[in-house]
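Computed from a prediction, not measured in an experiment: that's the story for all the values here.
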Amino acid sequence: MTDYVTVTIYGADKVGSSSLARQLVAHEFEEDYQVARDEGIYHTQVDIDQKSCWIQVFMGYKHLVRFSDNRTHHEGYLFVFSITDRPSFEATRKQIDETKDYSNLPILLVGNKCDLEHRRVVPAREGAELAESVGCKYLETSAKEGINVDACFFELVREVRRLKPENNVDDNGSKKQCSLS
């Protein structure tokens with residue numbers, strides 16, 4: 001059986017969110033890539049934990065797509081900032097706060113451009129602290145070098161799978177239930 005998971009990537013301009021999606025789908029990086037605002041949906045089939053999964057990735061450009069328009073269509077959010085750009089980190093913090101106001105969908109925080117360590121202005125500790133404060137995981141990636149690209153998408157898919165009602169069944173096919181002792 002194949003899972004179908006739809007995620008939305010949010011990131012300020014030039015943080016590499018489109019490059020992360022392109023790296024996931026085509027395993028390529030284009031140095032002088034210019035974002036085309038009408039290009040915003042990527043698809044790929046992958047195996048995650050020995051289970052097939054179609055991932056549909058929507059680019060959540062803030063001037064094209066509002067968070068509230070996405071909340072019923074998507075199953076998880078990937079929030080991306082550049083470790084070389086402090087304003088992108090602050091914008092991401094604001095986007096997460098806005099999303100948390102109405103959504104309990106899984107999120108993953110991504111600090112991109114870890115290949116540019118010499119230009120880092122956002123310490124890894126700050127990314128980890130923000131992630132911890134909102135209850136999500138934090139990964140650093142490099143779309144250019146392909147570092148942790150699959151890992152960030154796969155981790156988000158795992159979280160989506162964990163929260164899907166059809167996945168909350170025991171080995172006998174009965175719904176799993178919480179109990180307080």
Side-chain angles (χ1 to χ4, degrees), residues 3-25 27 29 40-49 51 53-62 65 67-85 88-115 120 122-164 167-168:
D3 282 342
Y4 296 87
V5 176
T6 304
V7 301
T8 301
I9 300 179
Y10 288 106
D13 288 340
K14 301 187 181 197
V15 299
S17 50
S18 294
S19 294
L20 285 170
R22 289 166 39 93
Q23 187 66 264
L24 172 73
V25 171
H27 302 289
F29 179 82
I41 303 174
Y42 297 84
H43 306 269
T44 192
Q45 184 173 9
V46 294
D47 286 327
I48 302 173
D49 303 328
K51 189 171 181 183
C53 182
W54 272 100
I55 303 175
Q56 183 174 29
V57 181
F58 284 83
M59 303 308 297
Y61 299 116
K62 61 186 172 190
V65 182
F67 290 110
S68 59
D69 296 335
N70 277 326
R71 69 176 176 224
T72 58
H73 306 293
H74 304 280
E75 299 170 288
Y77 298 109
L78 205 66
F79 288 95
V80 182
F81 68 92
S82 169
I83 68 164
T84 66
D85 181 6
S88 75
F89 179 73
E90 298 305 329
T92 299
R93 180 189 309 270
K94 183 177 178 185
Q95 287 176 330
I96 291 172
D97 288 343
E98 289 174 9
T99 302
K100 285 296 199 181
D101 286 345
Y102 65 79
S103 175
N104 60 357
L105 294 177
I107 65 174
L108 191 115
L109 180 62
V110 175
N112 193 33
K113 302 189 180 186
C114 70
D115 56 300
R120 178 187 287 273
V122 180
R125 171 187 42 77
E126 281 188 64
E129 288 170 356
L130 175 58
E132 184 178 346
S133 75
V134 297
C136 73
K137 293 187 178 180
Y138 173 66
L139 286 174
E140 291 195 344
T141 62
S142 168
K144 182 176 183 178
E145 301 295 328
I147 298 169
N148 281 337
V149 174
D150 288 352
C152 70
F153 286 97
F154 289 16
E155 189 59 39
L156 185 58
V157 167
R158 286 183 186 105
E159 188 63 15
V160 167
R161 283 177 173 170
R162 188 181 71 75
L163 296 175
K164 278 189 172 182
N167 292 333
N168 290 322

Query raised in the report: Where is the tightest heavy-atom contact between Tyr42 and Ala21, given as atom of each residue plus distance?
Result: CD1-CB, 3.6 Å
Report task. I would like to know whether Val5 and Lys164 meet side chain to side chain contact (heavy atoms under 4.5 Å, CB included); could you show each step before the answer? Result -> CA-CA 10 Å; Val5 176; Lys164 278 189 172 182; 4.2 Å; yes
**Report entry** Pair Thr141-Gln23, side chain to side chain contact (heavy atoms under 4.5 Å, CB included): steps then yes or no
**Finding:** CA-CA 11 Å; Thr141 62; Gln23 187 66 264; over 6 Å; no
Query raised in the report: Excluding sequence neighbours, so at least two apart, what forms side-chain hydrogen bond (donor to acceptor under 3.5 Å, both in side chains) with Glu140?
Result: Arg120, Tyr138
Query raised in the report: CG/Leu24 to CZ/Arg22 distance, rounded to the nearest 0.5 angstrom?
Result: 12.0 Å
Query raised in the report: CG/Asp150 to CD1/Ile55 distance, rounded to the nearest 0.5 angstrom?
Result: 8.5 Å
**Report entry** Stepwise side chain to side chain contact (heavy atoms under 4.5 Å, CB included) test for Leu78 and Thr8
**Finding:** CA-CA 6 Å; Leu78 205 66; Thr8 301; over 6 Å; no
Query - Pair Ser82, Asn112: side-chain N/O donor-acceptor within cut-off below 3.5 Å - result: no
Query raised in the report: Taking only residues two or more places apart in sequence or in another chain, which ones pass side-chain contact (heavy atoms from CB on, under 4.5 Å) with Glu145?
Result: Asp115, Ser142, Ile147
Requested in this report: Look at the side chain of Gln56 and the backbone N and O of His43, then say whether any donor-acceptor pair between them is shorter than 3.5 Å.
Outcome: no
**Report entry** Minimum side-chain heavy-atom gap Phe81-Leu109 below 4.5 Å
**Finding:** yes
Query raised in the report: Can you name the residues that form a salt bridge (charged side-chain N to carboxylate O under 4.0 Å, His left out) with Glu129, not counting sequence neighbours?
Result: Arg125
Requested in this report: Please name all residues satisfying side-chain hydrogen bond (donor to acceptor under 3.5 Å, both in side chains) with Thr92, sequence neighbours left out, ordered by chain then number.
Outcome: none
**Report entry** Reported CG-to-CD1 distance for the pair Leu20 and Ile9, which is rounded to 0.5 angstrom
**Finding:** 6.0 Å
**Report entry** Approximate separation, where rounding is to 0.5 Å, of Tyr77 OH and Cys136 SG
**Finding:** 13.5 Å
Requested in this report: Applying side-chain hydrogen bond (donor to acceptor under 3.5 Å, both in side chains), name anything that partners Asp85, two or more places apart in sequence or on another chain.
Outcome: none
Report task. Could you tell me the separation between the OG1 atom of Thr44 and the NE2 atom of His27, rounded to the nearest 0.5 Å? Result -> 6.5 Å
Quick one: side chains of residues 152-159, donor-acceptor pairs under 3.5 Å with protein atoms, not counting sequence neighbours, listed by atom name and distance.
unit_1	atom_1	unit_2	atom_2	d
Glu155	OE2	Lys137	NZ	2.8
Arg158	NE	Asp49	OD1	3.3
Arg158	NE	Asp49	OD2	2.7
Arg158	NH2	Asp49	OD1	3.0
Glu159	OE1	Arg162	NE	3.2
Glu159	OE2	Arg162	NE	3.4
Glu159	OE2	Arg162	NH2	2.6

Query raised in the report: Distance from Ser88 atom OG to Ile83 atom CD1, nearest 0.5 Å?
Result: 10.0 Å
Query raised in the report: What is the minimum heavy-atom distance between Ile48 and Cys53, and which atoms define it?
Result: CD1-CB, 4.4 Å
Report task. Could I get the full list of side-chain hydrogen bond (donor to acceptor under 3.5 Å, both in side chains) partners for Glu126, not counting sequence neighbours? Result -> Arg86
